Every structure is written in structure tokens, then in C-alpha cells.
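The block underneath contains the structure these notes are about, expressed in C-alpha cells.
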Amino acid sequence: MTVEYEVSCDRERIDVSWVHAFLRESYWAEGRIRETVERSIRNSLCFGVYAADKQIAFARVITDRAVFAYLADVFVIPEFRGRGVAKLLVRAILAHSDLQNLRSFLLGTRDAHGLYAQFGFGPPQDPSRLMVKYGPEASE
Ligand SMILES: CC(C)(COP(=O)(O)OP(=O)(O)OC[C@H]1O[C@@H](n2cnc3c(N)ncnc32)[C@H](O)[C@@H]1OP(=O)(O)O)[C@@H](O)C(=O)NCCC(=O)NCCS
């Protein structure tokens with residue numbers, strides 16, 4: 001049976017409790033409180049993937065919609081992994097009309113470089129030009 005996937009940017013459809021439950025256990029957002037998740041969703045361009053109306057993946061983009069974007073909090077539920085859902089999601093994100101011709105699109109990952117490399121992401125040309133100030137919740 002082929003499963004139909006729908007990618008949506010409708011923030012109202014996002015299952016915030018479910019996103020929070022995943023993120024607070026993730027390696028990059030361990031312990032993130034619900035209020036922080038709610039605020040981050042409210043202030044980001046969010047993407048959900050749905051199968052039969054049930055949310056199976058999430059990602060959000062922090063952006064000025066002109067020059068810069070940062071891709072964050074990408075995940076697919078375990079039951080749907082290895083079926084191309086993340087690739088569908090990243091493809092949809094990069095095709096979004098507000099995310100065209102940006103000067104730079106950043107992300108951080110521990111082990112999924114091979115996913116993003118398929119879409120043109122790579123190490124910074126000159127890492128010495130990038131600086132980061134880490135906050136208390138910092139492993140992304
Ligand atoms: C990483 C994750 C989003 C991938 O989702 P997915 O739907 O299983 O991925 P897809 O089926 O679309 O395929 C991913 C492709 O990237 C490759 N890849 C590289 N690194 C990977 C990694 N760490 N995990 C999964 N796939 C990875 C896969 O081999 C696959 O390549 P292919 O095109 O040759 O088949 C998913 O495993 C996940 O949610 N993991 C837990 C959360 C997480 O680590 N998020 C990423 C934070 S940057």
C-alpha cells in the first residue's frame with residue numbers, strides 16, 4: 001500500500017504536545033520545556049508532514065524570509081523513518097516561496113550530514129568567519 005504524505009506549513013495543525021514530547025528527549029533539545037517549544041513554533045516558519053492526517057514529521061525554519069534561514073528541530077517518527085519522509089520534508093522546505101535566493105541557510109547536525117548534503121548543504125567555506133554564543137540549552 002502506498003502512503004500519501006502531505007507537507008503543510010499550517011501552524012494550527014501542529015500537534016504541540018507531540019512535538020514537545022519528542023524534542024525534550026532529543027539529543028539537541030533535551031529537557032526543553034513546553035513553553036519554549038510553544039514560543040519557538042509561534043515565531044518560526046513550521047513544517048509538518050502528515051499521513052492520513054496524523055503528524056509524522058516536523059521541522060521549523062527561523063528566518064527573515066529574505067537573506068538568512070536556520071533549519072531546526074527536524075525529526076520523523078521512528079515508524080516512518082527510512083521511507084524518504086525527511087527528504088520530502090527538506091525538499092518542501094527548500095522549495096518554499098519565502099526561502100528562495102537566501103544568502104545562507106544554516107543548520108546543525110550530529111550525524112545526518114548525508115541527508116542534508118543531498119540538498120547542497122556542507123561545511124562552512126571558512127569556519128573562522130562563523131562565531132557562536134551558546135546559551136544554557138546548547139548542543140544543537
Ligand atoms: C534524521 C531523520 C530526520 C531522517 O529521516 P528519514 O525520513 O528516516 O530519512 P529519509 O528516509 O528521508 O532518508 C534520509 C537519507 O539521508 C541519509 N542519512 C544520512 N545521515 C542520516 C541519519 N543520521 N539519519 C537518517 N538518515 C541519514 C540516509 O541514508 C538516506 O539516504 P538515501 O537518500 O541514500 O536513502 C530521522 O532519522 C530522525 O528523525 N532522526 C531522529 C532525529 C534527528 O536526528 N533529527 C536530525 C537532526 S539534524
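Just so you know, ligand 1 is whichever comes first in the structure, and atom 1 is the first atom listed for that ligand. Remember, it's a predicted structure, so these values are computed and weren't measured experimentally.
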So for ligand 1, is [X] a polar contact partner (N or O within less than 3.5 Å, distance only)?
X	result
His113	no
Val76	yes
Gly108	no
Phe22	no
Trp28	no
Phe80	no

Subset of ligand 1 atoms that lie under 4.0 Å from at least one heavy atom of [X]:
X	result
Gly114	19 (C)
Ala112	20 (N), 21 (C), 22 (C), 23 (N)
Gly84	10 (P), 11 (O), 12 (O)

Nearest 0.5 Å please: distance from the [atom1] atom of [X] over to the [atom2] atom of [Y].
X	Y	atom1	atom2	value
Trp18	Gln55	CH2	CD	4.0 Å
Leu88	Phe80	CG	CZ	12.0 Å
Phe47	Leu71	CZ	CG	9.0 Å

Among all protein non-hydrogen atoms, which one is nearest to [atom], and what is the separation to 0.1 Å?
atom	value
atom 48 (S) of ligand 1	Thr109 OG1, 3.2 Å
atom 17 (C) of ligand 1	Leu115 N, 4.0 Å
atom 13 (O) of ligand 1	Lys87 CE, 3.8 Å
atom 8 (O) of ligand 1	Gly82 N, 2.8 Å
atom 5 (O) of ligand 1	Ala86 CB, 3.1 Å
atom 37 (O) of ligand 1	Arg81 CD, 3.3 Å
atom 30 (C) of ligand 1	Gln118 NE2, 4.2 Å

For atom CD of Gln100, decide whether the heavy atoms of other residues, nucleotides or ligands shown that lie under 6.0 angstrom number more than 12. yes
Got a sec: does the CD of Gln125 have more than 12 other heavy atoms crowding it under 6.0 Å? no
Nearest neighbour of atom 45 (N) of ligand 1 from the list Ile56, Asp73, Val74, on a heavy-atom basis: Val74
Side-chain heavy-atom pair [X], [Y] within 4.5 angstrom cut-off:
X	Y	answer
Gln118	Val90	no
Phe58	Asp15	no
Ser26	Phe75	no

Does some non-hydrogen atom of the protein lie less than 4.0 angstrom from [atom]?
atom	answer
atom 39 (O) of ligand 1	yes
atom 19 (C) of ligand 1	yes
atom 26 (N) of ligand 1	no
atom 32 (P) of ligand 1	yes

Suppose we screen for ring-ring contact (aromatic ring centres under 6.0 Å, His included). Which residues come up paired with His113, at least two apart in sequence or across chains? none
Taking non-hydrogen atoms only, is Arg83 closer than 4.0 angstrom to ligand 1 via side chain, backbone, both or neither? backbone
Quick one: does ligand 1 sit under 4.0 Å from the side chain of Tyr116, the backbone, both or neither, non-hydrogen atoms only? side chain
Under 30°, 30 to 60°, or over 60°: which ring-plane class applies to Phe22 and Trp28, parallel, tilted or perpendicular? tilted
Plane angle bin for Phe121 and Phe105 - parallel if under 30°, tilted between 30 and 60°, otherwise perpendicular: perpendicular
With side-chain contact (heavy atoms from CB on, under 4.5 Å) as the test, pick out the partner of Leu45 among Ile93, Leu99, Ile62. Leu99
Name all residues meeting the side-chain hydrogen bond (donor to acceptor under 3.5 Å, both in side chains) criterion together with Ser44; count only those two or more places apart in sequence or in a different chain, and write none if there are none. Arg60
Carboxylate-amine/guanidinium contact Asp53 Arg13, below 4.0 Å: yes
